[in-house]
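Every chain is numbered from 1, with letters handed out A, B, ... down the list of sequences.
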There are 2 protein chains.
Amino acid sequence: MRPTVHDIAEAAGVSLATVDRVLNRRPGVRQSTIGRVEEAIARIGYVRDLAAANLAKRRIYPLVFILPEGPNAFMRALEAAVLEAKTRSAIERTDIRLLTIPPFDAQALAQALDTLDLSELAGVALVATEAGAVREGVARLHDAGVPVVTLVSDLPNSRRDHYVGIDNVAAGRTAASLLGRFVGNCRGKIAVVAGSMLVRDHVERRMGFDQVMHAEFPALDVLPVLEGLDDGATVARVLAGCLEAHPDVVGVYSLGAGNRGMIEVLEARGVGRAISVVAHELSDHARKALTSGTIDAVINQDAGHEVRSAIRVMKARADGLPPVDDQERIRIDIFLRDNLP
Amino acid sequence: MRPTVHDIAEAAGVSLATVDRVLNRRPGVRQSTIGRVEEAIARIGYVRDLAAANLAKRRIYPLVFILPEGPNAFMRALEAAVLEAKTRSAIERTDIRLLTIPPFDAQALAQALDTLDLSELAGVALVATEAGAVREGVARLHDAGVPVVTLVSDLPNSRRDHYVGIDNVAAGRTAASLLGRFVGNCRGKIAVVAGSMLVRDHVERRMGFDQVMHAEFPALDVLPVLEGLDDGATVARVLAGCLEAHPDVVGVYSLGAGNRGMIEVLEARGVGRAISVVAHELSDHARKALTSGTIDAVINQDAGHEVRSAIRVMKARADGLPPVDDQERIRIDIFLRDNLP
DNA sequence: CATTTTTTGAGGTACGTAAATCATCGATGC
DNA sequence: GCATCGATGATTTACGTACCTCAAAAAATG
C-alpha cells in the first residue's frame, strides 16, 4: 500500500496537523520539526495523491491561451485544438480561456498580458512576438508564480518556464537537406518565401536552411528571402515576380504560411514541374498539393500535440512537478505524399 | 459548478442510493426508473468525476506488457519505456507487469496469454505474432472484459481492442519515396533487408515499398528480399553476399532490425558511398550512421510514445471511455541527419 | 517566576464517489 | 391476512487530502 499522510505522522512521531502544516507550507512549525517530517517523508517514500488533493481543494486549473488572429491556417489549427481541449475541461479540471490578438503586434500582446488577473491563474500559453514589453509581461507573470509557456515561437532570454514547439533551426536544416537531394544534381536557384523576418521562428528556419545549403549543396544558389506576410495573395505576387526574374529556379522553400498563394503560382506554370518544393505546415491546401505532386515535402508541427503538451506542462508546473521531458518534445514531422495521416 | 450525484438524485426525484445503483449497474432498479435517472443525467450534463471515483474505489490499473526478448534494439527500447512508465505508477494508479517471451514464437506468446489471471486485469499489451492460438488467446481476454492492445505489430481480424503502432504499408511507401529520390536519376538495383517475412509489419513495409518503387521509379530494380532475422551478424552476411553478386546496387532499404550488420558492411566498402540507404528504427548505431552519412534516412516509431499511448488507451478502455484518437495516432517519424533529436 | 508567544495535538468537516446496511413500501401469491 | 419479494430510501463509512478550530504543551520573554 502506498503510504499516506497518516503514515508520515506515525513515522515522524508528530500529529497529522503538523504533517499537514509541513506539506502545505503553513506557518507555525519549528524548523527542526519540519526537518523530522521531511526526513520521514523521504524515508517512507510518500508521494502526495494529487487526485485526492485536488478533490479536497476543489482545484481547477484556469489556463489562458493567447493566439494571433487572422487567416494563418496554422494558428487557426491551434485555435481549434484549444477549443477541442476545452471540451475535455470537465475531466481534466481545466478552465481554458482563449484570447486572440492582432498578429505581429507586440504591443497588443504585451497589453493582453497586462490585463490578465494573475491571482489563481494556473498558466499562460502564448505565441511570442519579440519585444521588450512582452518580455516584461512574461517576467511579471512568472514572478507572480504563474507558469508561462511559449508556443510555436519562443522567447529566449525571457522568464518563460517552457517552450512548446519545434527546433526551427533544425527544421530549416531538414528542409534544405530534403530540397537539396530532391533537386538532384542540377545547378540552379532556390527561392525562399517567408512570412516576415521579424518573427523568430522564420528567422531560425532560414538560418538552418542556409547552413545546410551552403555546406552541402554549393551548386545551388539561394536567392534573397521573399516576404509574403503569411498571406496567400502577397505570396503569390512576390513569388510570381521572382520566378519571372529567375527562370532557372529549381527549388522553392516556403517557410511561412500563405502556401495557397505559392501553390496557385506553381500550378499555373503548368505541367513541366522541374521545381521541387518544400513547405511548412500541413494545411488542407498543402495536403492537396502534396498529393498532386506540386509540393514534395511538408514539414509540420502538430497543433493538437502542441496544445495538449502546453496544457500538461502548465498543469505540472502549477503543481510543482517536473514534466516528462521526453513526452513533451515536439517533433519535426516530415510528410511526403506517402505518409499523410 | 459541475453537477454531482446529488444533483442527479434531485433532478430525477430518486434517492442517492438509486442513482448509485444505476450509475454502477447494480441490480434492483426498475427499468422505468433507470430511464428517469438516465434522462436526468443527460439533462443536467453530469460527468462522473473519475478521480473521486477511483479514490473511493481504491482503484489501480493492473496492466501487463508482453514483449519479445533478445537483442532487438527496438524491443529493448520498448522495454525501457515500460520500465520508465513503471516509475510513474504511483501517480498514475497503474501496476505494470512486464513479461518477456522468446521472439518469433507464437506458441510461447499464446501460452503467456493463457497463464494470465484475467480477474481484475485492466489491460494487456502485446507485440503480436501471427497465429491462431494467439488470436484465440486475444479473443479470450477480450471476452473476459480485458482490453487488449497490440503493439508495433498488429493482429487484424482478431478481437484486439486497439492497435498502437505505425501504418507499416505507409512506412514502406515513404521509404521508397525517399530512397527513390535520393538515388537520383541513375539506374541500378535496390537491396531490401528484412528480419523475417513471417512478421506482419515487415511484410507490410515490403509491400508498401514495392508499390511505390514499381509505380514511380521504374528505372530501379528491386532485388528479392534478404532475410536477416533481425540479427546483426546474419544481416552482414547476406548483405555482403548480395553486394558482391550485384555490383550495381545503388540503394539499400533495411526494414527490420540488425542494422549494425548492415552498417558494418557498408562502411567496410570504403569511401565511395554511391549507395543511398533508408533504414528503420533509430537505435544508437543507426543514429551514428546517420550522422556519418552511411545512412541517409531513418524511419522511426517512438517507443516511449507507443508505451504511453498503450497505457492511456488501456486505462480509457477499462473505464469505458473513448480514447482521444488524434492523440493516439502513432506517427511515422522520418529522421535525417538534420533533425535528430 | 509569571506571562506571553509559539508550536503542537486532537478532532472535526469537506470534496465526489463507492459500497454497504437496514428499513420501508407496495405488489404478489397463497 | 400473512409471508415473500422486488424496488427504493435513508444513512453510514470510507478513500486521501485540505483546512479549520480549539485546547494543550512547550518555549521564549520579561
Distance-only donor-acceptor pairs under 3.5 Å for side chains of residues 300-309 of chain B, two or more places apart:
unit_1   : atom_1 : unit_2   : atom_2 : d
B/Asn300 : OD1    : B/Leu282 : N      : 2.8
B/Gln301 : NE2    : B/Glu281 : OE2    : 3.4
B/Asp302 : OD1    : B/Gly304 : N      : 3.0
B/Asp302 : OD1    : B/His305 : N      : 3.0
B/His305 : ND1    : A/Arg331 : NH2    : 3.3
B/Ser309 : OG     : B/Glu328 : OE1    : 2.7

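- Here A/Arg21 pairs with nothing under the salt bridge (charged side-chain N to carboxylate O under 4.0 Å, His left out) rule; sequence neighbours left out.
- Heavy atoms of other residues, nucleotides or ligands lying less than 6.0 angstrom from CD of B/Glu39 number more than 12.
- For the segment residues 313-324 of chain B, the set of residues with a heavy atom within less than 4.0 Å of an atom of DNA chain D is empty.
- Under the side-chain contact (heavy atoms from CB on, under 4.5 Å) criterion, A/Ala80 pairs with no residue at all, not counting sequence neighbours.
- Over its length, the helix from C/dC1-D/dG30 to C/dC30-D/dG1 turns its helix axis by 40°, as judged from the five terminal pairs at each end, rounded to 10°.
- Residues passing the side-chain contact (heavy atoms from CB on, under 4.5 Å) test with B/Asp167 are B/Val169, B/Ala170, sequence neighbours excluded.
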Extract all donor-acceptor atom pairs below 3.5 Å that involve side chains of residues 55-63 of chain B and protein atoms in other chains or at least two apart in sequence.
unit_1  : atom_1 : unit_2   : atom_2 : d
B/Tyr61 : OH     : B/Asn54  : ND2    : 3.1
B/Tyr61 : OH     : B/Asp319 : OD1    : 3.1
B/Tyr61 : OH     : B/Asp319 : OD2    : 2.7

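- Residue pairs satisfying the side-chain hydrogen bond (donor to acceptor under 3.5 Å, both in side chains) criterion with at least one member in residues 79-93 of chain A, sequence neighbours excluded, are listed as follows: A/Arg76-A/Glu79, A/Glu84-A/Arg88, A/Arg88-A/Glu92, A/Ser89-A/Thr94, A/Arg93-B/Asp49.
- In this structure, A/Thr18 does not reach the C/dT8 phosphate: none of its side-chain N or O atoms is under 4.0 Å from OP1 or OP2.
- Here A/Asp20 pairs with A/Asn24, A/Arg26 under the side-chain hydrogen bond (donor to acceptor under 3.5 Å, both in side chains) rule; sequence neighbours left out.
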Would you list the protein and nucleotides 27-30 of chain D atom pairs, both N or O, that sit under 3.5 Å from each other?
none

Tabulated below should be each protein N or O lying under 3.5 Å from an N or O of nucleotides 10-17 of chain C; please produce it.
unit_1 : atom_1 : unit_2  : atom_2 : d
C/dC15 : O2     : A/Ala56 : N      : 3.2
C/dG16 : N2     : B/Ala52 : O      : 3.3
C/dT17 : OP1    : B/Tyr46 : OH     : 2.7
C/dT17 : OP1    : B/Asp49 : N      : 3.2
C/dT17 : OP2    : B/Val5  : N      : 2.9

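- For A/Glu10, there are no side-chain hydrogen bond (donor to acceptor under 3.5 Å, both in side chains) partners two or more places apart in sequence or in a different chain.
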